[in-house]
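For clarity, every value in this text was computed on a predicted model and none was experimentally measured.
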Amino acid sequence: LFAATVLVSCAGSRDEQFCKCLKASEDLNALSSELLKGNIDQAKADKLKELKTIKKEACKDYTSMNGKEMLERKAECAE
């Protein structure tokens, strides 16, 4: 009974740090895409550096995670 309770309570939990990593990655990708189109100025270049730093810090614990696990955690962030 205790194990079932633990499984139920953990099943609905989401990894907030991973969700921050995902958001940082999405923000960085969006700005990078914009800059590749030639829309660059100093403010955007500075923001790009800032987003790289944020992503590096937010994602440091997930660099060796496999794709399947990443997709599962990504789905949990969307809930």
Answer yes or no: is there a donor N or O on one side and an acceptor on the other, between the side chain of [X] and the main chain of [Y], under 3.5 Å?
{"X": "Y62", "Y": "F18", "value": "yes"}
{"X": "S32", "Y": "L28", "value": "yes"}
{"X": "T63", "Y": "C59", "value": "no"}

**Request:** Please assess E50 against I54 for the test side-chain contact (heavy atoms from CB on, under 4.5 Å), listing each intermediate value before the final yes or no.
**Result:** CA-CA 6 Å; E50 178 186 347; I54 291 169; 3.9 Å; yes

With rounding to the nearest 0.5 Å, note down the distance linking [atom1] in [X] to [atom2] in [Y].
{"X": "C77", "Y": "E26", "atom1": "SG", "atom2": "CD", "result": "9.0 Å"}
{"X": "K47", "Y": "L31", "atom1": "NZ", "atom2": "CG", "result": "8.5 Å"}
{"X": "D15", "Y": "C21", "atom1": "CG", "atom2": "SG", "result": "9.0 Å"}

**Message:** Can you confirm whether E57 sits close enough to T53 that some side-chain heavy atom of one is under 4.5 Å from a side-chain heavy atom of the other?
**Reply:**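 No, their side chains stay 4.5 Å or more apart.
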
**Message:** Run the side-chain contact (heavy atoms from CB on, under 4.5 Å) test on K52 and L48 for me, step by step, so that the C-alpha distance in whole Å, both residues' side-chain angles and the decisive distance to 0.1 Å come before the verdict.
**Reply:** CA-CA 6 Å; K52 283 181 180 180; L48 186 68; 4.1 Å; yes

**Item:** Worked check of side-chain contact (heavy atoms from CB on, under 4.5 Å) between K74 and M70
**Value:** CA-CA 6 Å; K74 181 179 180 180; M70 281 189 179; over 6 Å; no

**Asked** Does NZ in K56 sit with more than 12 non-hydrogen atoms of other residues, nucleotides or ligands closer than 6.0 Å?
**Response**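 No, the 6.0 Å shell around NZ holds no more than 12 heavy atoms from other groups.
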
**Request:** Might you work through the salt bridge (charged side-chain N to carboxylate O under 4.0 Å, His left out) test for E16 and R14, ending with a clear yes or no?
**Result:** CA-CA 6 Å; E16 292 299 329; R14 72 184 212 171; 2.7 Å; yes

**Asked** Any idea which heavy atoms bring K55 and A24 closest together, and the distance?
**Response**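 Looks like CA-CB, 3.8 Å.
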
